[in-house]
Amino acid sequence: VICFSMIFCFQHENVMAETVKIGVLNMKRLQQNSVKFQKIREELKAKFNALQKKLDAERAQIAKIEEELQKQSMMLSLDAKEGKEMELGKRTRHYKYMYEEVTQEMKNAEYEATKMVGKDIEKIVEKIGQTEGFSVILEEGTVGLVYYNNTLDITDRVTKAYDATN
């Protein structure tokens with residue numbers, strides 16, 4: 001608010017000479033309504049599910065070994081029992097490693113997708129801003145944006161333009 005006041009004070013003549021056109025973008029609504037965004041979300045979800053299946057399969061193997069060890073512990077020789085325990089420890093360490101790898105891979109995939117979408121949206125907003133003569137385009141939820149008239153909302157235009165990109 002103070003920044004806007006200072007801008008208006010220092011550039012009083014310029015502000016009075018030209019009209020200020022402001023737009024607002026609702027990113028949450030864009031994400032909900034964008035076909036392209038939903039497709040990216042589904043691709044990430046499919047990737048996560050595939051990685052989760054690998055983790056589940058490894059966890060099932062650990063559970064199987066634990067169950068065998070528990071059932072057969074009295075019948076197994078000391079060497080066989082130690083072998084099963086070593087295998088269990090090895091599988092458990094491998095599972096923890098896989099879990100960390102999957103977690104990091106998903107974080108990276110989400111980060112890259114978010115970065116890519118952000119850059120695409122930024123280009124579209126900039127293009128709309130320039131072609132339609134906007135002075136400022138704010139994101140809904142921005143600090144200081146308490147109220148705006150719905151006529152300032154450009155979310156549908158940005159969503160349509162984003163979905164139209166390859």
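Atom NZ of Lys123 is surrounded by 12 or fewer heavy atoms from other residues, nucleotides or ligands within 6.0 Å.
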Donor-acceptor pairs under 3.5 angstrom involving side-chain atoms of residues 93-107: please list them, not counting sequence neighbours.
unit_1 : atom_1 : unit_2 : atom_2 : d
Arg93  : NH1    : Gly89  : O      : 3.3
Thr103 : OG1    : Tyr99  : O      : 2.8
Gln104 : NE2    : Asn108 : OD1    : 3.0

For residues 43-52, which side-chain donor-acceptor pairs fall under 3.5 Å, sequence neighbours excluded?
unit_1 : atom_1 : unit_2 : atom_2 : d
Asn49  : ND2    : Lys45  : O      : 3.4
Gln52  : NE2    : Asp56  : OD1    : 3.0

Pair up each side-chain donor or acceptor in residues 79-88 with any protein partner under 3.5 Å, not counting sequence neighbours, and list the distances.
unit_1 : atom_1 : unit_2 : atom_2 : d
Lys84  : NZ     : Glu68  : OE1    : 2.6

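Ile154 and Leu152 are not part of a single hydrophobic cluster, where members link through side-chain heavy atoms under 4.5 Å apart. Under the 4.5 Å side-chain heavy-atom criterion for ILVMFWY residues, a single connected hydrophobic cluster contains both Met116 and Met27. Linking Ile, Leu, Val, Met, Phe, Trp and Tyr residues whenever their side-chain heavy atoms come within less than 4.5 Å leaves Ile22 and Ile124 in two separate clusters.
Under the side chain to side chain donor-acceptor pair (under 3.5 Å) criterion, Asn149 pairs with Thr151, sequence neighbours left out. Shown here are the salt bridge (Lys or Arg N to Asp or Glu O under 4.0 Å) partners of Lys71, two or more places apart in sequence or in another chain: Glu67.
Contact record, Tyr162 with Phe37: CE2-N, 3.9 Å, taken as the closest heavy-atom pair. When all heavy atoms of Ala113 and Ile40 are compared, the pair lying nearest together is CB-CG2, 4.0 Å.
Sorted pairs that involve residues 110-122 and meet side chain to side chain donor-acceptor pair (under 3.5 Å), not counting sequence neighbours, are lacking altogether. Listed by first then second residue, pairs satisfying side chain to side chain donor-acceptor pair (under 3.5 Å) with a partner in residues 28-41 read Arg29-Asp153, Arg29-Asp156, Ser34-Asp163, Lys36-Thr165, not counting sequence neighbours. Residue pairs meeting the salt bridge (charged side-chain N to carboxylate O under 4.0 Å, His left out) criterion with at least one partner in residues 129-145, sequence neighbours excluded, are Glu132-Arg157.
Separation of atoms CG (Leu145) and CG (Leu138) is listed at 6.0 Å; rounding is to 0.5 Å.
In this structure, Thr155 contributes its side chain and Asn26 its backbone to a donor-acceptor pair below 3.5 Å.
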